[in-house]
Structures are given as structure tokens and as C-alpha cells.
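Following: one structure in C-alpha cells, then a few remarks.
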Amino acid sequence: EEEEEEEDWETEQQLPTEADELASSVTYGFDNRYSNVLGRLLTELPDVVMLPDPDNCLPHMRRAIREQMEDSQFDAQHYLADKQLEEEFEHLLAFRPWWAGLGSAASSTTSTTTVGKPAATAAAA
């Protein structure tokens, strides 16, 4: 019998040294509290980190790269198709469920049609 080779999903982790932390002045993440994290992830998860050198990329450079990527991936046809099909969705946008007017005195004066109202609440209204 041939045994299947199991993939080794473990990776050796090393805590950053004080010299590593002092060397990088580029920070990112919530409240700019992180540095030297994405560079290590770049080798392990290249599809997750989209910057070529995240630990040396200043914020204004990150923004320029992001905007360039967004512009290159933008598809105007996608949004134009939504505008062309607007008539098909008008009845969905105008729909008001039966619970939309609950607890509101102004709901009795609205002229929108409620669909799917349960019989118990329909009799009470």
C-alpha cells in the first residue's frame, strides 16, 4: 500500500527582533500599529497581499498603487448594464413589506402597496 504524503501546513515563526522593528518606519493596519507583518505574509500568501513590498511602501505610495489597480480593473459596462436594466427593478425598489409601517402613525397615510401581509394583521388594519 502506498501512503499518501500529507502536506505540512506548519511554518516556522519567528518573533521580530528589536532591530527589525526599529528599521521599519512604515506602519499599517488599525491605528498604524503594525509593521513588518505583511512582508512575511507575502512569501506565504502571495494572493492575499497585493503590494509588491508592503513593509517599505509609504502610505501615499500604497494609495497610488491601489488607485492604479482599481482603474485598471474598472469595467464601465458592468455599471452601464445596471442602468439599462433599471426598469426591470423598479417594482422591486418600490416594494414595501408589511412590517415597514409597524409602529409608525405616518404609515397609514402612505400610498404604497404592501404585499404579503398576514391575515391577522390585515384584518386589524
Side-chain angles (χ1 to χ4, degrees):
E1 292 180 16
E2 292 182 29
E3 292 185 26
E4 292 184 33
E5 289 185 33
E6 291 187 29
E7 283 193 49
D8 183 17
W9 291 97
E10 294 181 9
T11 181
E12 183 178 336
Q13 297 181 1
Q14 298 175 357
L15 293 173
T17 63
E18 190 172 322
D20 290 338
E21 291 180 12
L22 293 175
S24 177
S25 62
V26 176
T27 57
Y28 38 77
F30 181 74
D31 200 23
N32 286 321
R33 291 184 177 208
Y34 300 96
S35 63
N36 297 318
V37 175
L38 295 177
R40 287 182 261 157
L41 284 177
L42 187 62
T43 56
E44 297 171 22
L45 305 168
D47 294 335
V48 174
V49 181
M50 303 182 101
L51 292 171
D53 187 14
D55 290 328
N56 295 311
C57 191
L58 297 173
H60 70 279
M61 294 168 54
R62 289 194 299 254
R63 180 182 178 139
I65 291 170
R66 178 186 51 82
E67 288 175 347
Q68 181 182 13
M69 288 174 60
E70 287 174 354
D71 289 343
S72 69
Q73 295 173 356
F74 180 77
D75 182 14
Q77 293 298 320
H78 174 78
Y79 295 100
L80 287 174
D82 288 347
K83 186 69 177 162
Q84 291 172 348
L85 299 174
E86 189 173 308
E87 309 85 42
E88 295 181 26
F89 298 107
E90 284 180 3
H91 70 283
L92 297 173
L93 296 173
F95 173 75
R96 299 290 178 251
W98 63 269
W99 62 84
L102 292 179
S104 161
S107 67
S108 61
T109 61
T110 59
S111 62
T112 57
T113 304
T114 56
V115 179
K117 193 171 191 178
T121 56

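On a predicted model such as this, the values are computed, not experimentally measured, just so you know.
Membership of the apolar cluster around Leu51 extends to Met50, Ile65, Met69, as traced through chained side-chain contacts below 4.5 Å between ILVMFWY residues.
Listed by chain and residue number, Val49, Pro54 satisfy the side-chain contact (heavy atoms from CB on, under 4.5 Å) test with Leu42 (two or more places apart in sequence, or in another chain). Tyr79 is linked by a ring-ring contact (aromatic ring centres under 6.0 Å, His included) to Phe74, counting only residues two or more places apart in sequence or in another chain. Residues satisfying the salt bridge (charged side-chain N to carboxylate O under 4.0 Å, His left out) test with Glu67, not counting sequence neighbours, are Arg63. Residues passing the side-chain contact (heavy atoms from CB on, under 4.5 Å) test with Leu93: none are found, sequence neighbours excluded. His91 is linked by a side-chain contact (heavy atoms from CB on, under 4.5 Å) to nothing, counting only residues two or more places apart in sequence or in another chain. Under the rule for a side-chain contact (heavy atoms from CB on, under 4.5 Å), the partners of Tyr28 that lie at least two apart in sequence or sit in another chain are Val26, Tyr34, Val37, Leu38, Asp55, Arg62.
The salt bridge (Lys or Arg N to Asp or Glu O under 4.0 Å) contacts involving residues 68-81 comprise Arg66-Glu70, where partners must be two or more places apart or lie in separate chains.
Atoms CG and CG, from Asn56 and Asn36 in turn, are 8.5 Å apart once rounded to the nearest 0.5 Å.
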